[in-house]
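Numbers restart at 1 for each chain; the letters A, B, ... are given by sequence-line order, proteins then strands.
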Amino acid sequence: MPSTPPEPAAALAVPRSTELFGWGRTAPTGADLRRPTSATELRRALPDPNPRGLLARGLGRSYGDAAQNSGGRVIETIDVDSFTIHESDPAADHVLVTADAGVSIDRLLHSLVPAGLFVPVTPGTRYVTVGGAIAADIHGKNHHRKGSWCDHVESLRLQIADGSIVEIGPDRDPELYWATAGGMGLTGVILDATFRCPRIGSSRLLVDTDRAPDLDTVVELMATGDADYDYSVAWIDLMATGSSMGRSVLTRGRFATAEEVGGGPRSDPFDYRAGVIASAPPFVPGGLLNGLTVRAFNEVWFRKAPKMRRDELQTIPTFFHPLDMVAGWNRIYGPGGFLQWQFVIPFGTEPILRRIIEDLSAAGCTSFLAVLKAFGAGNASPLSFPAPGWTLALDIPTGVPGLAPLLDRLDDLVVEAGGRIYLAKDSRVRPELVPQMYPRLDEWRSVRERVDPQRRITSDLARRLSL
Amino acid sequence: MRDALGAVQSVLVLGGNSEIALAIVDRLVEGRTRRVVLAVREPDSAQRSVDRLTAVGVDASAIAFDALQPETHAEVLGAVFAEGDIDLVISAFGILGSQPEFDADPMFALRAINANFGGAVTSGLIVADHLRRQGHGTLLMITSIAALRGRADNYVYGSTKAGQDLFAQGLGDALVGSGARVVVVRPGFVHTRMTEGMKPAPFSTTPDKVAEVVVEGLTKGRELIYAPSILRYLFAGLIHAPRLIWRRLGG
Ligand SMILES: Cc1cc2nc3c(=O)[nH]c(=O)nc-3n(C[C@H](O)[C@H](O)[C@H](O)COP(=O)(O)OP(=O)(O)OC[C@H]3O[C@@H](n4cnc5c(N)ncnc54)[C@H](O)[C@@H]3O)c2cc1C
Ligand SMILES: NC(=O)c1ccc[n+]([C@@H]2O[C@H](COP(=O)([O-])OP(=O)(O)OC[C@H]3O[C@@H](n4cnc5c(N)ncnc54)[C@H](OP(=O)(O)O)[C@@H]3O)[C@@H](O)[C@H]2O)c1
C-alpha cells in the first residue's frame with residue numbers, strides 16, 4: 001500500500017539562514033536573506049509573516065549591525081536599481097533624479113558626471129545605496145554648506161509594515177518623512193526616491209591643502225576658512241602625541257569650471273573614470289596592523305603632504321573616494337574585524353574635543369588616520385546624526401586591549417558635551433546613552449508606533465539599543 | 001545582542017549556582033549584561049546571587065532546572081527564550097563525584113553520565129534550536145581538561161566530560177552559518193565547592209581567573225578556551241605522551 005511521506009513540519013522548520021555583518025565584520029547574525037530582482041518582487045516582501053520581522057539592506061556599508069536582522073528576514077535591495085534623470089531647465093542649478101532605493105551612488109555617478117551633474121551629498125565611499133543614504137541621512141564634505149542627504153529629497157515612496165505604500169516628503173507627511181530620514185530602516189522599506197542633483201562645471205576639483213602641525217591649528221583653520229569652500233575635511237593623525245597631537249592635513253575645495261580644467265589630451269571636462277586599482281587578499285591574519293606599522297604609515301603620510309598647496313586639480317575618486325580604490329579593504333583588519341567610532345559635539349566644547357583626542361592618542365590605539373570635520377546646521381529629523389559642531393570618525397581594530405572601557409569613557413565625554421554618536425557606524429554604544437544623545441528619540445518612537453505598532457520592522461541595531 | 005567587542009546583554013546559566021559561571025556573570029555585568037537567568041535545581045538556593053545581581057541593576061531571576069530531568073528541558077528553556085533573546089547560554093552544571101564512589105555505586109556513575117553528558121546534550125540541542133531561530137547567540141560549554149585523556153583516578157567523570165566536549169565541538173560546526181555559535185571552555189583544576197578538600201593539580205586556578213580568560217576569549221571571538229591558557233600547550237604535548245609516562249603523571 002502506498003504511503004504518503006509525512007509532511008515536513010513547516011512551522012517547526014528553521015528558515016534557511018545566511019550570516020550577515022556590517023562593514024566592520026563584527027557580530028555576524030543569521031537571517032533569511034532575500035534578494036528581489038524586480039520592483040514588484042520587492043513590494044511583495046511586505047507584509048511579512050516572519051516572527052522576527054523584516055529589514056531592508058543596501059550595500060552593507062554601515063559598520064555595525066544596522067543592516068542585520070537576526071533570525072528574521074532581510075531584503076537586499078541592490079538588484080532593483082533603475083533610475084531616471086529628469087529633463088530640466090538648463091538654467092536651473094540642479095536636476096531631479098528618481099532612483100530605486102537599491103541604486104548605488106557609484107552607478108549614479110557614472111551617469112550623472114558625464115552629464116555635468118553630481119550627487120547632492122557623497123560619503124567617503126560611493127558604494128552606498130539611495131536607501132542607505134536616506135536611512136542614515138548621510139553627510140559628506142559639504143555638510144557645512146549643503147546639509148545632509150535628506151535635505152535634498154523631494155519625495156520618496158515608503159512601504160510600511162502593513163504592506164501599504166505611502167508617498168512622503170518634507171511637505172507630504174513631514175512627520176513620517178523626517179522619521180524615515182535617519183530612521184535606520186525602521187519605519188519601512190524605502191522603494192524609491194526623487195532628489196535634487198546639483199550641476200557641476202567639470203569632473204575635477206580645485207583643492208587647497210594645508211598641513212596643520214597640531215589640533216589647535218587645524219581647528220582654527222576650519223573655524224575661520226571653511227565658509228570659503230564647498231567641501232572641507234581634515235585627516236588627523238591620532239597616533240601623534242605631545243606637541244604634534246592632532247596634527248592634520250586639511251583639504252578643501254570646490255568643483256572646477258571647464259575653463260579651469262583647461263585643454264590637454266584628456267580634455268573632456270566631464271571625463272569620469274572610477275575604478276578599483278587593487279584588492280585586499282581574501283584572508284588576512286590578525287595582528288598585521290599594529291602600533292608600529294600604523295605609526296609608520298601615518299608618519300609617512302603626514303610628511304608626504306605639502307605644507308600648503310593651492311588650486312590643485314583632483315579627480316572625483318581621489319578627492320571623495322580614495323578608499324574605494326582598494327576593494328575589500330575592510331579585510332585588512334583581520335578576522336577580529338574593526339569598528340568605527342564617530343561622534344559630533346557642539347561648537348564651543350573644543351576642550352572636550354581636545355580631551356577626547358588626548359585620550360585616544362594616549363591609549364595608542366592603532367588607528368589609521370581619522371577624519372575631522374565641522375558640521376553645519378542639522379535638519380528636522382529626530383534621529384539624524386549631523387548637528388552643528390565637530391565630528392570625528394576613526395577606525396579601530398577590535399583587538400585593541402582595553403578598547404571597550406576606553407570608548408565607554410569617551411562616550412560619556414560626548415554626552416557631557418551634548419553630543420552624540422552616529423548610529424550608522426555604531427556597534428557597541430551603551431543603550432542607556434542613546435536617549436541622551438538623541439533627546440527626540442521618543443518623538444521618533446511615536447511616529448514608528450503609528451506606522452508599525454507591532455514592530456514588524458526591526459534590526460539588530462534596534463534590538464541592541466532598544467530603539 | 002552581542003556587540004562588536006563581544007559583550008552580551010542577556011545571559012542564561014544552566015547550573016546557575018556554579019562558582020565558575022557566577023564569576024563569569026560577575027564580569028559580564030560590568031560590561032553590557034542587563035538580564036541574567038539562573039537555572040538551578042532549587043530556585044531558592046540562587047536567591048543570594050539574584051539579590052546581588054539585582055542590587056547592581058541587573059534584571060535577575062532564578063528558575064527551576066534539573067539536568068537529570070531531560071523531559072522537562074524543552075518547556076523550561078522555551079519559557080526563558082519566550083521572554084526575550086538570550087545572547088549567551090553558559091552550560092555549567094556538573095557532577096564531579098570520585099572514582100571510589102563510582103566504583104562502589106555504578107548507578108551513581110550513570111547519574112553522572114546522565115547529568116554531565118545526557119543533560120548537556122538534551123539542553124544543548126534545545127538551546128541550539130532557539131539560538132538558530134533567533135539567528136544569534138553563543139552556547140558556552142564548560143567541559144574540562146579531564147575530557148582530553150582517560151585517567152585512573154577520574155575516568156568516569158572524564159568520560160562524561162569527553163562526551164560533552166565532543167558534542168559541543170560538533171554542535172559548533174553544525175551551527176556554522178546560522179549566526180549562533182558554540183564556545184568550549186576547558187578548565188583545569190579550579191578551586192570551587194566542587195574541588196573542595198581535593199589536592200590541587202598543577203596550574204590550579206580560581207573561578208575569577210577562569211572568568212577573566214573566558215571573557216577575554218569571548219571578546220576575541222575564540223571557539224576553544226583553556227583556563228589557564230597554558231594548559232592548551234601543556235596538553236598539546238600530554239595528549240600524545242607515551243602511556244607509561246601519562247600513568248606516572250596521573251599518580
Ligand atoms: C568607507 C566608508 C566611508 C563612509 N563615509 C561616510 C560619510 O562620509 N558620511 C556618512 O554619512 N556615512 C559614511 N559611511 C556610512 C554609510 O554611508 C552609511 O552606513 C550608509 O547607510 C550605507 O549605505 P548602504 O546602502 O550600504 O546601507 P546598509 O549599510 O546596507 O544599511 C544601512 C541602513 O539603511 C537601511 N536601509 C538600506 N536600504 C534601505 C531601504 N531601501 N529602505 C529602508 N531602509 C534601508 C538599513 O536597514 C540600515 O539600517 C561610510 C561607510 C564606509 C564603509
Ligand atoms: N572546579 C573544577 O576544578 C572544574 C574543572 C574543570 C571543569 N569543571 C566544570 O565546571 C563546571 C562548573 O563547576 P564549578 O567548579 O563551578 O562547580 P560548582 O560550583 O559545584 O557548580 C556545579 C553546579 O552543577 C550543578 N548541578 C549538579 N547537578 C545538577 C543537576 N542534576 N541539575 C542542575 N544542576 C546541577 C550544581 O547545582 P546545585 O547548586 O543545585 O548543587 C552546581 O551549582 C562543571 O561542569 C564542572 O564539571 C570544574
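For Asp85(B), the part lying under 4.5 angstrom from a heavy atom of chain A is the side chain only. Heavy-atom distances place the side chain of Pro431(A), and not its backbone, under 4.5 Å from chain B. Neither the backbone nor the side chain of Gln68(A) comes within less than 4.5 Å of any heavy atom in chain B. Contacts between Ala31(A) and chain B at a heavy-atom distance below 4.5 Å are absent for every atom of the residue. Contact of Thr18(A) with chain B is made through the backbone alone, with heavy-atom distances under 4.5 Å. Contact of Asn69(A) with chain B is not made at all, since no heavy-atom distance falls under 4.5 Å. If you measure heavy-atom distances from Arg52(A) to chain B, the contacts under 4.5 Å come from the side chain alone.
Nearest heavy-atom pair, Arg2(B) versus Arg464(A), reported as atom, atom and distance to 0.1 Å: O-CD, 4.4 Å. When all heavy atoms are compared, the tightest approach of Ala27(A) to Asp3(B) is CB-O, 4.1 Å. In terms of heavy-atom proximity, Ala4(B) sits nearest to Leu339(A) at CB-CD2, 4.4 Å. Closest of all the heavy-atom pairs between Ser17(A) and Ser178(B) is OG-CA, 3.5 Å.
Listed in order of number, the residues of residues 5-34 of chain B that approach chain A to under 4.5 Å between heavy atoms are Leu5(B), Gln9(B), Arg32(B), Arg34(B).
For Glu223(B), the CD atom is loosely surrounded, since the number of other residues' heavy atoms within 6.0 Å does not exceed 12. Within a 6.0 Å radius of CD in Glu432(A), other residues, nucleotides and ligands contribute more than 12 heavy atoms. When the shell of 6.0 Å around CD of Glu71(B) is examined, it contains more than 12 heavy atoms from other residues, nucleotides or ligands.
Panel note: side chain Ser70(A), backbone Gln134(B); a donor-acceptor pair is recorded below 3.5 Å.
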